[in-house]
Number of protein chains: 2
Amino acid sequence: MSQQSGGHACQSCQIRHLGVLARLPAEHLGQIAQTFHPHVITFGGQETLYYQGDSAQYAYTVRSGFVKLLSMLPDGRTHIVRVLHAGDLFGFEGIVGGKYAHTAMALAKVEVCRFAINELIAVKQEYPEVDSVLTQRWIQSLTKAEDMLVELGAKKTGERLGAFLVRWCETAPKGIEGWVPLPLSRVEIGELLGMTVETVSRALSEWKRQGLFQERGGFIRLPDVERLCANVCNVSVSEVLNVG
Amino acid sequence: MSQQSGGHACQSCQIRHLGVLARLPAEHLGQIAQTFHPHVITFGGQETLYYQGDSAQYAYTVRSGFVKLLSMLPDGRTHIVRVLHAGDLFGFEGIVGGKYAHTAMALAKVEVCRFAINELIAVKQEYPEVDSVLTQRWIQSLTKAEDMLVELGAKKTGERLGAFLVRWCETAPKGIEGWVPLPLSRVEIGELLGMTVETVSRALSEWKRQGLFQERGGFIRLPDVERLCANVCNVSVSEVLNVG
DNA sequence: CGCGGCCTTGAGCCACATCAAGACTAGTGG
DNA sequence: CCACTAGTCTTGATGTGGCTCAAGGCCGCG
């Protein structure tokens with residue numbers, strides 16, 4: 001089950017540079033401690049942080065691990081809307097309408113920082129540095145969501161999967177020799193990219209055979225990104241990374 | 001061609017209640033006139049306001065008519081990312097990265113209000129009322145984009161088209177007896193929903209035959225929304241309107 | 001009247017979903 | 001240590017929704 005530590009001091013937070021307080025000068029961290037009361041919580045894989053429609057009091061930042069935000073249709077079909085990395089803010093949409101727009105689940109063991117939405121609002125109003133980070137975040141989230149719209153709306157399965165892998169490897173924390181963690185099952189990749197498990201599996205197997213894709217215990221590697229893009233997406237790497 | 005009027009006074013703006021200055025008390029409108037210099041510009045149908053990748057100086061608000069934001073893949077495939085109504089803000093993503101993320105085109109004759117991005121930033125920093133409207137707008141845009149992700153990722157063509165029509169008719173300015181303007185061609189509907197013209201046309205024709213959909217000179221009507229949802233989406237109206 | 005856009009309709013095909021077995025892996029308990 | 005089980009992944013066989021290609025119809029306009 002989830003575990004909650006006591007109140008947490010932002011001063012000693014190792015990932016502060018990734019979070020929404022990144023630009024706040026260190027000398028203000030003491031002051032905000034009076035209004036801002038974050039808690040660090042740990043969740044195990046597949047545990048649910050909150051459900052779509054729940055009344056939203058808290059927003060979160062990922063400290064380590066990965067979280068998926070997903071939306072379910074009445075008949076049970078599931079779509080993963082976003083996958084969150086260290087430093088990402090989520091659950092903040094509760095500020096409008098008071099409800100969470102998605103269900104949030106830990107992909108594996110994850111550590112998050114939880115705080116009251118209205119406390120963050122207060123900090124945002126007080127400190128322009130926080131405000132500007134938040135503004136940037138929202139615009140980036142919006143742009144990313146809209147890029148994904150293009151992926152889903154205009155590309156076919158192979159192109160989507162290829163582009164996803166390339167982007168993931170660019171974005172995710174790099175391990176040794178290009179091995180990056182991929183904490184998503186085939187089913188989840190399918191739910192993210194709007195395709196079935198079987199289609200995901202077939203494409204990945206094929207690329208393995210062609211030496212374009214390698215996998216070992218939850219880590220993956222793309223030995224020849226250039227060729228993957230050329231073969232599969234029929235575009236250059238830069239085009240995959242730029243827009244859709 | 002586009003036509004630009006001179007400087008415009010926010011005090012006399014008929015749609016101020018829809019725009020980002022909606023909550024700003026009238027007595028401040030005079031003050032901001034010193035830093036905030038909006039211009040009203042008119043564009044004809046299919047005219048381009050700006051191109052994806054252009055350096056972004058200005059953001060816009062729709063005053064009347066409709067604007068589409070679209071993204072193009074290198075090979076020419078086009079996806080419509082958003083359709084904007086009166087009051088909608090766009091082009092503001094230029095604040096991050098300095099470039100427009102999409103191409104903006106007028107769907108028919110459209111009147112927009114254009115202003116420098118940094119002027120809006122200044123107003124936002126000065127007036128909390130403007131700041132809070134902007135915050136709400138971004139979160140709503142994000143939520144809407146993510147809802148659309150679910151549409152494209154998890155639903156099939158008929159469901160997408162049905163949900164789109166129902167939502168459009170709920171959202172758009174209502175005309176007489178439920179007739180609503182729909183300024184999109186079949187091609188454009190396809191580009192928005194990730195399907196071909198032919199598929200759009202076939203579905204609409206079929207629904208016309210069944211009496212679920214009517215059309216007259218750019219206006220449409222859904223005589224029996226309840227049945228459309230039940231037949232096509234296999235869900236209730238509320239479910240179509242809520243999330244996915 | 002003829003021309004160029006849109007829209008519609010049909011016929012055929014293909015990418016991808018669906019259905020159905022196995023294969024592999026990891027955890028569990030005797 | 002080895003069955004037993006359950007979950008995930010792979011692979012094949014089959015079906016079909018929607019794309020593609022191709023014609024023709026219906027405007028509005030010069």
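- Ring geometry, B/His85 versus B/Phe66: the interplanar angle exceeds 60°, so the pair is classed perpendicular (tilted spans 30 to 60°).
- Separating the CG atom of A/Leu107 from the P atom of D/dT8 is a distance of 13 Å, rounded to the nearest angstrom.
- Rounding to whole angstrom units, CG of residue B/Leu204 and C1' of C/dC6 are separated by 14 Å.
- A straight line from CD of A/Glu206 to P of C/dC16 spans 14 Å, rounded to a whole angstrom.
- A salt bridge is absent between B/Glu170 and B/Arg167; no separation between the charged side-chain nitrogens and carboxylate oxygens falls under 4.0 Å.
- With hydrogens and angles ignored, no donor-acceptor pair under 3.5 angstrom links the side chain of A/Arg209 to the base of D/dT10.
- The separation between B/Glu191 atom CD and C/dC6 atom P is 11 Å, rounded to whole Å.
- No engagement by A/Arg160 is indicated, since no non-hydrogen atom pair under 4.0 Å with the nucleic acid exists.
- Using a 30° and 60° split on the angle between ring planes, A/Tyr60 and A/Tyr100 fall in the tilted class, from 30° to 60°.
- Under the 3.5 Å distance criterion, the side-chain polar atoms of B/Arg227 are left unmatched by any main-chain donor or acceptor of B/Leu212.
- Taking 4.0 angstrom as the limit, A/Ser205 places a side-chain polar atom (N or O) nearer than this to OP1 or OP2 of D/dT11.
- For B/Lys156, the NZ atom sits in a loose shell: 12 or fewer heavy atoms of surrounding residues, nucleotides or ligands are nearer than 6.0 Å.
- Nearest to the side-chain atoms of B/Thr199 among the listed nucleotides D/dG18, C/dT18, C/dC7 stands D/dG18.
- Taking only side-chain nitrogens and oxygens, B/Lys208 comes nearer than 4.0 Å to OP1 or OP2 of C/dT8.
- Comparing B/Thr157 and A/Glu198 by the nucleotide of DNA chain D that holds the closest heavy atom to each, the one mapping nearer the 5' end is A/Glu198.
- Here the P atom of nucleotide C/dG5 and the CZ atom of B/Arg186 are 19 Å apart, to the nearest Å.
- On a pure distance criterion of 3.5 Å, a polar donor-acceptor pair joins the side chain of B/Arg202 and the base of D/dT20.
- At the heavy-atom level, A/Ser185 lies under 4.0 Å from the strands shown only through sugar-phosphate atoms.
- Computed from coordinates, the A/Leu161 CG to C/dA17 P distance equals 12 Å when rounded to whole Å.
- One can place CZ of A/Phe213 at 13 Å from C1' of D/dT10, the figure rounded to the nearest angstrom.
- A straight line from NZ of A/Lys156 to C1' of D/dG18 spans 13 Å, rounded to a whole angstrom.
- Using a 4.0 Å heavy-atom criterion, one finds that A/Ser201 contacts the bases of the nucleic acid, with or without backbone contacts as well.
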